[in-house]
Amino acid sequence: MEAKDTRTTPVCLTVAGLDPSGGAGVAADIKTFSAFGCYAASAVTSITFQNTQGVYGAEHQSPESVRQQLVPIFDDFDVAAVKTGMLPTKEIIEVIAEVLSERNAVRIVVDPVVRSTSGFDLIDDAALENMIRTLLPMALIVTPNLLEAERIAGHPIRSESDFTDAARIMLDFGANSVLIKGGHFESNAAPEKAIDRLFNEKGMRRFENEFIQTTSTHGTGCTLSAAICANLALGLSVEESVSRSKEYVTEAIAGSQGLGKGNSPVDHWAGVKIRGER
Ligand code: PXL
């Protein structure tokens with residue numbers, strides 16, 4: 001038997017919804033943390049009813065359930081980084097903010113999930129308001145897509161200065177850095193590029209990756225924010241984490257196996273050697 005590997009595996013925690021079909025939410029996060037060699041802990045905020053074809057409903061956890069999931073994890077592990085995803089109610093967000101601050105949680109990635117690709121609202125207005133006020137100030141990075149950035153900023157994003165203004169609002173709420181995912185924004189002007197913009201107090205950096213024309217995009221947002229969380233836990237900087245995570249997601253989209261009848265999940269094992277494979 002080989003000697004035990006004495007490197008410590010960083011513990012990443014996701015606090016998000018459960019997608020039983022496995023493409024998004026905590027399942028995507030657990031696979032992504034694992035793909036980067038991190039240990040995955042998770043707390044479920046809501047059980048959603050969905051598959052690759054749509055989201056049909058959700059049963060949210062009580063705030064007390066979320067607290068009782070989180071406390072033993074922090075009692076037991078030295079959590080290296082945390083990611084939040086679907087946080088459906090104001091009360092759940094209050095509990096999360098309380099626990100994260102009591103436990104001095106570090107490297108917090110806030111993915112401000114608003115709506116599923118299929119158009120199902122995953123958060124109510126009061127909760128979004130609360131997330132902006134209580135979680136953005138704790139965030140090392142917040143990762144909205146265009147729609148989410150528009151909802152948080154309260155204005156449409158149609159030009160370069162709209163991006164800057166939206167990021168400014170999130171930085172002013174206390175987020176340390178803001179990654180606005182361009183998604184389809186550039187697809188008319190530059191159909192071959194997916195461009196995300198990372199803002200912090202020092203300025204803006206664009207990350208350009210290949211835009212893959214496909215419907216195999218179930219869980220891409222969750223996967224990107226989880227990958228950033230894992231890379232931060234591994235000790236990389238925000239910029240390096242975003243860069244590596246974008247590459248991973250691009251490969252994961254390209255490698256989708258086309259599972260399911262709708263928007264297929266991405267391949268979370270992109271670039272990972274699978275046990276038993278030669
Ligand atoms: O991608 C947004 C998202 C996040 N979290 C959960 C989801 C979805 C989209 O369906 O189900 C649990």
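One-based numbering, in listed order, for ligands and for the atoms of each. Because the structure is a prediction, the values reported are computed rather than measured. Atoms considered below: every heavy atom in the structure, side chains included; atoms not considered: hydrogens, waters and symmetry mates.
Residue contacts with ligand 1: H218 is placed with no nitrogen or oxygen under 3.5 Å of a nitrogen or oxygen of the ligand (distance criterion only).
At a threshold of 4.0 Å, the pair D75-R103 counts as salt-bridged, since one of the basic side-chain nitrogens sits closer than that to a carboxylate oxygen. The pair D267-K31 fails the salt-bridge criterion, with no side-chain N (NZ, NE, NH1 or NH2) lying under 4.0 Å from an Asp/Glu carboxylate O. One finds no salt bridge joining E247 and R244 here, because no Lys/Arg side-chain nitrogen approaches an Asp/Glu carboxylate oxygen to under 4.0 Å.
S65 and Q69 are linked by a side-chain donor-acceptor pair at a separation below 3.5 angstrom, with hydrogens and angles left out of the test. The closest side-chain donor-acceptor pair between D29 and T32, if any, does not fall under 3.5 angstrom.
Protein heavy atom nearest atom 7 (C) of ligand 1, with residue, atom name and distance: Q50 NE2, 3.7 Å. Scanning all protein heavy atoms for the shortest distance to atom 2 (C) of ligand 1 gives V113 CG1, 3.8 Å. The protein heavy atom nearest to atom 8 (C) of ligand 1 is L122 CD1, 3.6 Å.
Of all atoms in ligand 1, numbered sequentially from 1 with element shown, those under 4.0 Å from a heavy atom of G17 are 12 (C). Proximity to S116 (heavy-atom distance under 4.0 Å) selects the following atoms of ligand 1: 9 (C), 10 (O).
Contacts between V55 and ligand 1, counted as non-hydrogen atom pairs separated by less than 4.0 Å, involve the side chain only.
With distances taken over non-hydrogen atoms, the option nearest atom 4 (C) of ligand 1 out of G85, C222, S46 is C222.
S216 approaches I253 most closely through the heavy-atom pair O-CG2, 3.8 Å.
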